Amino acid sequence: MPKPFTLEPGATCDLDKIDSRIEWEQHNKKTAYQQIEKNNIEMALLARKLYAENKRSLLLVLQAMDAAGKDSSVRCVTRGVNPRSFQVYSFKKPSERELEYDYLWRIHRQVPRKGNVGIFNRSHYEDVLIVRVHNLVPEEVWSKRYSQINHFEEMLQDSGTTIVKCYLHISKEEQRERLQARMDDPDAHWKVNLADLEERKFWTEYREAYNAAITRTNTTWAPWHIVPADRKWYRNLVISELLLNQLRAMDPQYPKSERDYRGIVVE
Ligand code: ATP
Ligand code: MG
C-alpha cells in the first residue's frame, strides 16, 4: 500500500527533497477508489467500536497550502461513516473573541471527545505558519510555540487522544494549475479566493515555515506524515490507509457488560 513519508524525530525536514508526485504501479485512480471504499467499511466498524468503548479518541490534523485538497480528502475518508462519531472542524482566521484568549484555547475546545474521531482542517499549526510568514506576532512569541505545541500534544496523547498529523504535499506548479482551473470554470468560482493568489507569492516563506514546523514538532507521540498530494487519488488513498491503520492499531473493543443478558426473554 502507498505510504506517506515520515522522518525520524529530530531529523530536519526539507520538503524540496520530497516527491509530491509518485508513480505507483499497483494502483490507478479506479482501484484506489475501490480500496478506499473497502477501507471506509472497515473504518466505520472500528469507529463504531471506538464509540462504544468510549475511552479514547483519534485526531487527524491536516495542514497544507491552498488547493492541496484538505476538504476533498476529508470528504473522501468520511464517506459512509456515522456522523455521530466523527467531528470535523475547519479553523479559519481567528475571530475577535478567539483572539482574546491564548492561541490554543479555540483548538483545545474542538479536540474530539472520548469515543470520537476528530479531523482538523487547519489547526494550531497556523500559529507557526501564516502567523510566522506574516509576522502577525513577534518572533519571540511564535518561536516559543513549537515546544508549547509539543507539550500540548503530549498532554492530549497522555489523555487518550492519538494524534496523526498530515502535511498534504503539492508542488508550486500543481497549485498553479489547480487555482487556474478554478478561474477558468464558472462552476468553480465559488471556490475562488483571491487571497490565495496573495499567499502563493509567499511560497518560499511558507516552505521555510513548514520545514521548521515539521522539523520541530515531529515527536514520537505526534509524528508528521508527508503525503504526496499532486495526484488526488494517491493522496486520498494514503490518508485513508493511515487513518485505518491507526484505528486498527488502537484495536477498540466493545465494553464487556456486567451481566450476560443471553437467556433473558423479552416478552
Ligand atoms: P481553506 O483555505 O482552509 O480551504 P477556506 O478557503 O474555506 O478554507 P479561508 O478564508 O481561506 O477559508 O480560511 C482559512 C484562512 O485562515 C487561511 O488563510 C489560514 O491561513 C487562516 N488562518 C487559520 N488559522 C489562523 C490563525 N491562527 N491566524 C491567522 N490566520 C489563520
Ligand atoms: Mg482558502
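Quick caveat: nothing in here was measured; it's all calculated off a predicted structure. Just follow the structure's listing: the first ligand is 1, and inside any ligand the first atom is 1.
- Using the six-membered ring where Trp is involved, Phe120 and His124 have ring planes that are perpendicular, over 60° apart on the 30 and 60° scheme.
- Under 4.0 Å from ligand 1, not a single heavy atom of Leu129 appears.
- Residue contact check: Arg106 has heavy atoms under 4.0 Å from atoms 24 (N), 25 (C), 26 (C), 27 (N) of ligand 1.
- Under a cutoff of 6.0 Å and an axis angle of 45°, Arg235 and Trp233 do not form a cation-pi pair.
- The heavy atom nearest to atom 25 (C) of ligand 1, out of those in Gln63, Glu126, Glu98, is found in Glu126.
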Step-by-step side chain to side chain contact (heavy atoms under 4.5 Å, CB included) determination, Arg200 to Gln175
CA-CA 9 Å; Arg200 181 175 158 76; Gln175 190 199 47; 2.9 Å; yes

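- Ring geometry, Tyr167 versus His169: the interplanar angle falls from 30° to 60°, so the pair is classed tilted.
- Between the side chain of Asp185 and the main chain of Asp187, a donor-acceptor pair closer than 3.5 Å is present.
- Near Asp66, the atoms of ligand 1 lying under 4.0 angstrom from a non-hydrogen atom of the residue are 2 (O).
- Distances below 4.0 Å separate heavy atoms of Phe91 from the following atoms of ligand 1: 23 (C).
- Looking at Val131 against ligand 1, only its side chain comes within 4.0 Å, counting heavy atoms.
- When ring centroids are compared, Trp224 and Tyr125 come within the 6.0 Å threshold.
- A ring-centre distance under 6.0 Å is not found for His27 and Tyr234.
- Interface atoms of ligand 1 facing Asn193, defined by a heavy-atom separation under 4.0 Å, are 11 (O).
- Protein heavy atom at the shortest distance from atom 28 (N) of ligand 1 is Pro94 CD, 3.3 Å.
- Given atom 21 (C) of ligand 1, the protein heavy atom at minimum distance is Lys93 N, 3.9 Å.
- In terms of protein heavy atoms, atom 12 (O) of ligand 1 is closest to Lys92 NZ, 3.1 Å.
- Protein heavy atom in closest approach to atom 4 (O) of ligand 1: Lys70 NZ, 3.5 Å.
- Listed by atom number, the atoms of ligand 1 under 4.0 Å from Asp127 heavy atoms are 27 (N).
- If you check each of Val133, Leu99, Ile130 against atom 18 (O) of ligand 1, the one with the closest non-hydrogen atom is Ile130.
- Taking the centre and axis of the six-membered ring of Phe91, the NZ or CZ atom of Arg106 falls outside the cone set by 45° and 6.0 Å.
- Protein heavy atom in closest approach to atom 2 (O) of ligand 1: Arg122 NH2, 2.8 Å.
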Pair Lys144, Glu140 - check salt bridge (Lys or Arg N to Asp or Glu O under 4.0 Å), show working.
CA-CA 7 Å; Lys144 285 190 183 158; Glu140 60 264 32; over 6 Å; no

